[in-house]
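All remarks here apply to the structure that follows.
Chain letters run A, B, ... following the sequence lines, proteins first, then strands; residues in each count from 1.
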Amino acid sequence: MSPLPPEFFARSAHDVAPELIGVTLLVDGAGGPIVEVEAYDQDDPASHSFRGPTPRNAVMFGPPGVAYVYRSYGIHWCLNFVCDAPGRAEAVLIRAVRPEHGLERMRARRGLERERDLCSGPGKLCQALGVTNEHDGLPLDAPPFELFARTGIPEVASGTRIGLSVAADRVWRYGLAGSPFLSRPLGR
DNA sequence: ATGAAGATGAAT
DNA sequence: TTCATCTTCATC
């Protein structure tokens, strides 16, 4: 497997997102192929970057190819990959990973056995991979992160996001078709 | 200084 | 469907 080229993230999150499906994500050696993602751009009212820069979302406004990690509901961590040029705050939320490497470490962190429950959600995968706010702003091409290009072309399914009136016809979410490791079924 | 909402997950 | 849990950010 070959590392992702550095320029991979230097474009719109909407272009990056579908190509992330099948890319292997490891954090300190634990992880596996990404099976579900969601794209966020600055025109999206649901995006943290919608209302402009704040201390929390600062890294989204910086250079691409770094991690944006935020606290969700005071409980979970969520991992994003920052995309596009500095000043353009786009990112892809990593929503699910197929557990492949470091299974026992992930089980220990999650307190669960079943592989399907290990990384099938943005909060779950951060707990399983040990991602916290300490990873916020870290480059994705250096330890503890490792990203490996996919070897084949997976069958990528897509869906519009639910509950948003804005840009309802746009594709936001992508996943590996038929994967049992998704956070939830893909819509259309 | 204060409060409402939140890119979730697990249990009921 | 409810609730845990607490940071963030807008508003006062």
Side-chain angles (χ1 to χ4, degrees), chain A residues 9 12-18 20-21 23 25 27 30-31 34-62 64 66-84 88-99 106-138 140 157-176 179-188:
Chain A
F9 295 101
S12 166
H14 294 288
D15 294 331
V16 171
L20 236 22
I21 302 302
V23 169
L25 162 67
V27 181
I34 294 167
V35 296
E36 186 184 334
V37 298
E38 200 160 27
Y40 287 88
D41 65 49
Q42 212 166 345
D43 300 321
D44 177 1
S47 172
H48 292 166
S49 62
F50 182 67
R51 287 151 218 277
T54 67
R56 173 176 66 167
N57 64 22
V59 309
M60 279 184 88
F61 288 83
V66 305
Y68 166 48
V69 181
Y70 70 91
R71 189 80 134 151
S72 174
Y73 288 87
I75 305 170
H76 315 285
W77 299 106
C78 290
L79 170 66
N80 299 253
F81 295 165
V82 175
C83 299
D84 217 325
R88 303 180 54 88
E90 304 199 4
V92 177
L93 172 67
I94 311 304
R95 293 192 53 93
V97 162
R98 174 162 68 79
M106 293 195 277
R107 287 193 172 104
R109 289 181 181 135
R110 292 275 297 129
L112 292 168
E113 291 301 310
R114 293 180 42 183
E115 285 188 28
R116 310 164 73 100
D117 300 330
L118 255 28
C119 303
S120 53
K124 298 179 191 178
L125 79 88
C126 281
Q127 186 181 26
L129 306 203
V131 173
T132 70
N133 61 328
E134 295 188 3
H135 297 85
D136 188 44
L138 293 186
L140 297 169
S158 59
T160 56
R161 216 164 35 183
I162 317 163
L164 263 171
S165 53
V166 172
D169 57 334
R170 192 160 189 178
V171 173
W172 302 94
R173 191 159 150 259
Y174 297 90
L176 179 61
S179 170
F181 298 101
L182 302 174
S183 69
R184 53 197 179 121
L186 288 157
R188 153 209 15 233

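Evaluated for a side-chain contact (heavy atoms from CB on, under 4.5 Å) with A:V27, the options A:L125, A:L138, A:V97, A:V131 yield exactly one hit, A:V131. Tested against A:I94, the residues A:N80, A:V23, A:L20 include a single side-chain contact (heavy atoms from CB on, under 4.5 Å) partner, A:L20. In summary, of the residues considered (A:M60, A:H76, A:H48), a side-chain contact (heavy atoms from CB on, under 4.5 Å) with A:Y70 occurs for A:H48 alone.
Among the nucleotides B:dA7, B:dG6, B:dG9, the one closest to the side chain of A:H76 is B:dG9.
When the P atom of B:dT8 is taken as reference, atom CG of A:L93 falls 7 Å away, rounded to whole Å. When rounded to the nearest whole Å, the span between CZ of A:R114 and P of B:dA10 equals 11 Å. Regarding A:I75, its CD1 atom lies at a distance of 14 Å from the C1' atom of B:dA5, rounded to whole Å. Rounded to an integer number of Å, the gap from CG of A:D41 to C1' of B:dA7 is 13 Å. Taking atom CZ of A:F50 as the reference point, atom C1' of B:dA7 lies 15 Å away to the nearest angstrom. Protein atom CD1 of A:I94 is 16 Å distant from nucleotide atom C1' of B:dT8, rounded to whole Å. A:L125 has its CG atom 12 Å from the P atom of B:dT8, to the nearest Å. B:dG6 atom P lies 10 Å from atom NE2 of A:H48, rounded to whole Å.
Side-chain N or O atoms of A:R114 include none that pairs as donor or acceptor with a backbone N or O of A:L118 at under 3.5 Å. With hydrogens and angles ignored, the 3.5 Å screen pairs a side-chain donor or acceptor of A:S49 with a backbone N or O of A:A89. A distance-only check finds a donor-acceptor pair linking the side chain of A:D136 to the backbone of A:V69 [under 3.5 Å].
Remark: A:R88 CZ is loosely packed, at most 12 non-hydrogen atoms of other residues, nucleotides or ligands lying under 6.0 Å away.
Taking the P atom of each, B:dT2 and C:dT5 are spaced 23 Å apart, rounded to whole Å.
Per the stacking criterion (ring centres < 5.5 Å, plane angle < 30°), A:Y40 stacks onto the base of B:dA7.
Remark: the A:Q127 side chain and the A:R109 side chain contain no N/O donor-acceptor pair separated by less than 3.5 Å.
By the 4.0 Å N-to-carboxylate-O rule, A:E113 lies close enough to A:R107 to be salt-bridged with it.
Nucleotides of DNA chain C that come within less than 4.0 Å of any heavy atom of chain A span, from the 5' end to the 3' end, C:dA4 to C:dA10.
An OP1 or OP2 oxygen of B:dA7 is reached within less than 4.0 angstrom by no side-chain nitrogen or oxygen of A:R71.
Counting only Watson-Crick or G-U wobble pairs whose defining distances are both under 3.5 Å, the stems of 3 or more consecutive pairs in DNA chain B are B:1-6 with C:6-11, B:8-11 with C:1-4.
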